[in-house]
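What follows is a short report on a single structure.
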Amino acid sequence: MKKISLMLASCALIILAGCSKTDTYTPSNTISGEEIFNLNCTKCHKPEIGAVIRLSSGKTSKEAILKQIQSGSMSMPAFPNIKGEPGERLAKYILENSKPK
């Protein structure tokens, strides 16, 4: 039983570590927000019917979403290179295709 618990805890740490670093991905200037989301965000965020993500009440503007994307959080990697027009397109895509928590 101890071995199973230790294995599960180790797997959880590996998964969390994989989603909590800085990602150096840099999108091309012509890529769509949907393409950026599918290439990067779906690694951790699993879209559901009718929504690509559920947004907290403080993340209901393109500016707030873009800030979260660029700075990350405890469980989300930072994507500091997603900025400018590609960042705006990604934030707009998320905002238009999400539901509130």
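The closest side-chain heavy-atom distance from Asp23 to Ile82 is not below 4.5 Å. Looking only at side-chain heavy atoms (C-beta outward), Ile36 and Tyr25 come within less than 4.5 Å of each other.
The minimum heavy-atom distance linking Lys43 with Lys46 is given by the pair O-NZ, 3.5 Å. Scanning both residues, Thr42 and Asn38, for their nearest heavy atoms gives OG1-O, 2.8 Å. Annotation for Pro47 and Phe37: closest pair CG-CE2, 4.0 Å, computed over non-hydrogen atoms. Nearest heavy atom pair, residue Ser28 against residue Arg89, reads O-NH2, 4.2 Å.
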Could you give the side-chain donor-acceptor pairs of residues 49-64 under 3.5 Å, partners two or more places apart or in another chain?
{"unit_1": "Arg54", "atom_1": "NE", "unit_2": "Glu48", "atom_2": "OE2", "d": "3.1"}
{"unit_1": "Arg54", "atom_1": "NH1", "unit_2": "Pro100", "atom_2": "O", "d": "3.1"}
{"unit_1": "Arg54", "atom_1": "NH2", "unit_2": "Glu48", "atom_2": "OE2", "d": "2.9"}
{"unit_1": "Lys59", "atom_1": "NZ", "unit_2": "Gln68", "atom_2": "OE1", "d": "3.4"}
{"unit_1": "Ser61", "atom_1": "OG", "unit_2": "Ala64", "atom_2": "N", "d": "3.1"}
{"unit_1": "Lys62", "atom_1": "NZ", "unit_2": "Glu88", "atom_2": "OE1", "d": "3.4"}

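Separation of atoms CD1 (Ile65) and CG (Leu90) is listed at 8.5 Å; rounding is to 0.5 Å. Separation of atoms CD1 (Ile94) and CG (Leu66) is listed at 9.0 Å; rounding is to 0.5 Å. Here the straight-line distance linking atom OG of Ser98 with atom NE2 of His45 works out to 9.5 Å at 0.5 Å rounding.
Sorted by first then second residue, the ring-ring contact (aromatic ring centres under 6.0 Å, His included) pairs that include residues 59-86, not counting sequence neighbours, number zero. Residues in residues 77-87 take part in these side chain to side chain donor-acceptor pair (under 3.5 Å) pairs, two or more places apart or across chains: Thr26-Asn81.
Judged by distance alone, the side chain of Gln70 and the main-chain N or O of Lys67 form no donor-acceptor pair under 3.5 Å.
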